[in-house]
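Below is one structure, written out as structure tokens; the observations come after it.
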Amino acid sequence: MAFSRRTSSSGGKPRGFARNEGSVAGSVGMAEESNAKLRFGDEISLFDFSQRGFVGSFVTSSAHSTLTVKPGGSPANPGVGNFKNCVFSVLAKTKYAMAKNLRQLTATYRKKNEQSLTVEDALARTDEKGKAQLLLAQSLAELEAEDNRLEQKRRRGDVVVYGQTVLLEQTTTRDFVRMSSAATSRHEPSNMKVDMTSSPTRHSWFRIMPRYKVRAEGDPVRMSDQIVFESVKTLGQFLHTSNEALPEWSPNFGQMEVNLSVAPTAYKIIEHRQVDDTEENALYGMDLLQLHHKEVGGYVAAEGIYCDTKPRTDVHLRIRPADPQRPRRLSPPSSSVSYFQIEFAEAPTYGGPVRWDNTVRLKHVGTQMYLSLDSHGFEGTAKLVREPDESGTVFSFHAVIMDSSHVDLGSYARIQHRQTGSWLHAAMDQPVRRAFQGARHEGADPGLTDRMSSIVWDKAPLTQLSSTPEQLFDDAFIVTPVPESRQRNTVFAIGMVDILLYYLRIRGQREVTLAEAAGVKMALDQLYDFCFDRGVCVKEAVAQPQYCGPAD
């Protein structure tokens with residue numbers, strides 16, 4: 001099956017990722033195209049040449065979790081904030097009948113105003129006969145889940161061929177791409193809706209097919225191929241990117257909606273991480289990390305959110321010395337103000353292991369801005385900038401004690417600014433003052449604005465992060481990984497910001513419709529459930545970027 005008579009451009013050697021692990025260039029994809037085969041368990045991104053953007057899901061509310069393309073990007077500069085939102089694992093299809101039966105049975109005990117209900121809560125609301133039914137359904141669902149886990153393990157590493165059915169699982173949320181056989185697209189009513197779900201069914205099964213006739217069914221799928229996805233549920237309909245941007249009255253304002261249509265859109269497979277990239281305890285591209293300056297007991301941090309025009313408090317060292325009398329001080333801070341995402345300077349979409357001396361960029365997760373230096377010769381002050389440039393945002397990690405060729409999690413590193421050759425340094429004689437105060441907006445309650453502006457997550461002293469021409473012995477940073485649970489918390493919280501902006505845009509210009517209000521209420525209910533567990537505040541959940549109003 002093919003959709004054009006043109007010959008494939010993949011027969012040449014476009015830019016891609018080589019497997020030469022013996023060189024720095026090979027580790028970040030600067031050598032020739034490897035033309036590697038796609039395998040189950042590989043992590044990939046999908047690039048739409050027609051709209052010049054990557055496919056992803058950027059809003060975490062289930063009422064607005066559509067699949068979209070952010071236009072204006074490229075493999076060299078994706079321009080999507082957290083690129084992990086555009087990374088999908090390719091998995092084999094799974095069974096779902098028992099899990100679906102359990103969800104349906106549990107839903108019968110849900111109250112009218114409840115969005116969801118756990119099995120435990122359902123058991124508390126039923127009689128003995130109902131409990132027996134629920135427990136049996138739960139047992140069967142658990143057996144099915146274990147069978148699916150073993151099947152994925154068995155298929156892991158198998159080559160994917162054209163014509164096979166696959167699942168696309170987003171790596172940040174662990175949700176699956178799903179088409180709807182009942183709801184139509186919001187933007188193109190003649191097409192069907194595509195969104196994300198945590199429970200895959202037949203609606204999440206897609207056949208992977210070649211875009212060009214140079215490939216045929218049964219041939220291996222290769223990295224850099226252009227492919228189309230056909231729905232197994234409704235044969236003859238394909239994933240399709242709309243040609244017009246979503247309107248202002250959408251949380252995904254300015255993006256292109258992905259829906260299901262008879263007109264297929266071709267997507268190029270770009271390798272993120274292969275299934276056999278399993279360096280134990282290694283730091284990988286696009287991982288979230290914290291940089292802990294051991295000598296001063298401080299973490300590199302910044303305050304703000306990506307919709308602000310500038311950081312509320314620019315990059316600094318937040319002093320947090322270990323204190324046996326305060327057990328929380330013995331662990332890394334849970335607030336995402338100290339989270340950074342590492343990406344390869346030459347190949348920002350690549351997710352392989354980071355090796356010593358690789359050129360990398362450090363992106364602050366909350367502001368989605370890059371660490372840079374406001375340099376004066378060899379000495380300078382660290383700052384955040386919006387766009388990556390060729391050299392000002394490029395750094396490299398150098399081992400204090402080199403135990404392996406790649407950067408190990410928990411290892412000590414000195415960090416060099418490649419443009420100036422200077423080294424990041426803790427300037428303890430230069431304290432930093434929290435300068436941000438909430439802006440007053442027309443129509444806002446002044447008292448509420450003042451109370452929101454006075455919220456401070458902690459009272460830790462701040463000091464300047466600067467640079468020095470000399471490689472000082474005590475300027476060593478511990479590369480600290482962010483636990484997966486906290487990564488998911490951060491992704492969820494940041495994904496809710498667009499819902500708030502969407503609501504503010506509407507309120508600023510017109511009345512909110514009942515349908516719009518229902519969607520926003522559902523999102524706020526989910527945000528409440530995220531921050532509170534049975535009425536008790538979950539500190540790790542609320543330790544995420546705080547949002548105080550529109551950008552100034």
Side-chain angles (χ1 to χ4, degrees), residues 15-32 34 75-77 83 271-274 277-295 300 315 340-364 370-373 375 377-380 382 385 388-426 465-481:
R15 186 177 184 276
F17 304 106
R19 310 298 288 170
N20 177 15
E21 296 186 356
S23 68
V24 173
S27 71
V28 298
M30 299 306 294
E32 289 187 341
S34 67
N77 183 13
F83 186 74
E271 177 186 334
H272 177 70
R273 185 186 301 177
Q274 290 207 350
D277 281 339
T278 55
E279 297 275 6
E280 187 176 356
N281 201 40
L283 176 68
Y284 286 87
M286 291 297 163
D287 277 357
L288 299 192
L289 57 88
Q290 294 171 292
L291 295 173
H292 180 208
H293 195 292
K294 182 67 173 179
E295 184 66 22
V300 181
V315 66
F340 284 81
Q341 188 173 45
I342 189 166
E343 64 180 45
F344 291 102
E346 296 91 345
T349 63
Y350 184 53
V354 179
R355 304 186 185 281
W356 299 110
D357 296 335
N358 278 170
T359 53
V360 298
R361 291 188 174 93
L362 294 166
K363 180 189 288 185
H364 184 248
Y370 291 89
L371 182 64
S372 183
L373 284 182
S375 59
F378 287 103
E379 297 183 356
V385 296
D389 55 33
E390 292 183 358
S391 54
T393 57
V394 178
F395 294 83
S396 58
F397 284 37
H398 298 263
V400 174
I401 300 175
M402 185 176 291
D403 294 325
S404 63
S405 61
H406 57 260
V407 180
D408 287 324
L409 298 174
S411 60
Y412 286 77
R414 297 186 179 92
I415 304 175
Q416 185 180 33
H417 186 238
R418 296 303 290 257
Q419 184 180 41
T420 62
S422 57
W423 303 82
L424 290 188
H425 167 67
L465 180 66
S466 63
S467 65
T468 177
E470 299 177 356
Q471 184 181 166
L472 301 180
F473 182 80
D474 59 338
D475 278 327
F477 295 83
I478 302 177
V479 181
T480 306

(message) Using side-chain heavy atoms (C-beta onward) and a distance below 4.5 Å, is Val300 in contact with Leu362?
(response) no
(message) Distance check, rounded to the nearest 0.5 Å: Ser405 atom OG versus Arg355 atom CZ?
(response) 4.5 Å
(request) Might you work through the side chain to side chain contact (heavy atoms under 4.5 Å, CB included) test for Trp423 and Ile415, ending with a clear yes or no? (result) CA-CA 6 Å; Trp423 303 82; Ile415 304 175; 6.0 Å; no
(message) With a 3.5 Å distance limit and no angle check, can you tell me whether Ser372 reaches the backbone of Gly392 through a side-chain donor-acceptor pair?
(response) yes
(request) Answer with yes or no whether the side chains of Ser422 and Gln416 bring together a donor and an acceptor at under 3.5 Å. (result) no
(message) I want to check something: taking the side chain as every heavy atom from C-beta on, are Leu283 and Asp408 in contact at a cut-off of under 4.5 Å?
(response) no
(message) Donor-acceptor pair, distance only, cut-off 3.5 Å: does the side chain of Asp475 make one with the backbone of His425?
(response) no
(request) To the nearest 0.5 Å, tell me how far Tyr284 OH sits from Leu409 CG. (result) 9.0 Å
(request) May I have the step-by-step check of side chain to side chain contact (heavy atoms under 4.5 Å, CB included) for Val479 and Val407, ending in yes or no? (result) CA-CA 8 Å; Val479 181; Val407 180; 4.3 Å; yes
(request) Could you tell me which non-hydrogen atom of Pro353 sits nearest to which non-hydrogen atom of Ala282, and how far apart they are? (result) CB-CB, 4.4 Å
(request) Go through the side-chain N and O atoms of Gln341 and Tyr370 and say whether any donor and acceptor fall under 3.5 Å apart. (result) no
(request) Might you work through the side chain to side chain contact (heavy atoms under 4.5 Å, CB included) test for Met402 and Trp356, ending with a clear yes or no? (result) CA-CA 9 Å; Met402 185 176 291; Trp356 299 110; 3.8 Å; yes
(request) Supply the atom-to-atom distance His406 NE2 to Glu279 CD, rounded to the nearest 0.5 angstrom. (result) 5.0 Å
(message) Between Leu373 and Thr420, is there a side-chain heavy-atom distance shorter than 4.5 Å?
(response) yes
(message) With a 3.5 Å distance limit and no angle check, can you tell me whether Arg273 reaches the backbone of Gly351 through a side-chain donor-acceptor pair?
(response) yes
(request) Over all heavy atoms of both residues, which pair between Glu295 and Asp474 is shortest? Give the atoms and the distance, please. (result) CB-O, 3.6 Å
(message) On a heavy-atom basis, which atom in Arg418 and which in Asp357 lie closest, and how many Å separate them?
(response) NH1-O, 3.5 Å
(request) Would you check if Tyr412 and Ile401 make a side-chain contact, meaning some heavy-atom pair closer than 4.5 Å? (result) no
(request) Could you pull out the closest heavy-atom pair between Val400 and Ala476, with the gap in Å? (result) CG2-CB, 3.9 Å
(request) For residues Phe397 and Ile342, report the shortest heavy-atom separation together with the two atoms involved. (result) CZ-CD1, 4.3 Å
(message) Leu371 vs Leu424, test: side chain to side chain contact (heavy atoms under 4.5 Å, CB included). Steps then yes/no.
(response) CA-CA 11 Å; Leu371 182 64; Leu424 290 188; 4.2 Å; yes
(message) Taking Glu343's backbone N and O only, do any of them form a donor-acceptor pair with Arg361's side chain (distance below 3.5 Å, no angle check)?
(response) no
(message) Do Asn77 and Pro388 make a side-chain contact, defined as non-hydrogen atoms from C-beta onward lying under 4.5 Å apart?
(response) yes
(message) Whether the side chain of His272 engages the backbone of Thr349 through a donor-acceptor N/O pair (distance < 3.5 Å, no angle test) should be reported.
(response) yes
(message) Ring-plane angle category for His293 and Phe477, please: parallel below 30°, perpendicular beyond 60°, tilted otherwise.
(response) perpendicular
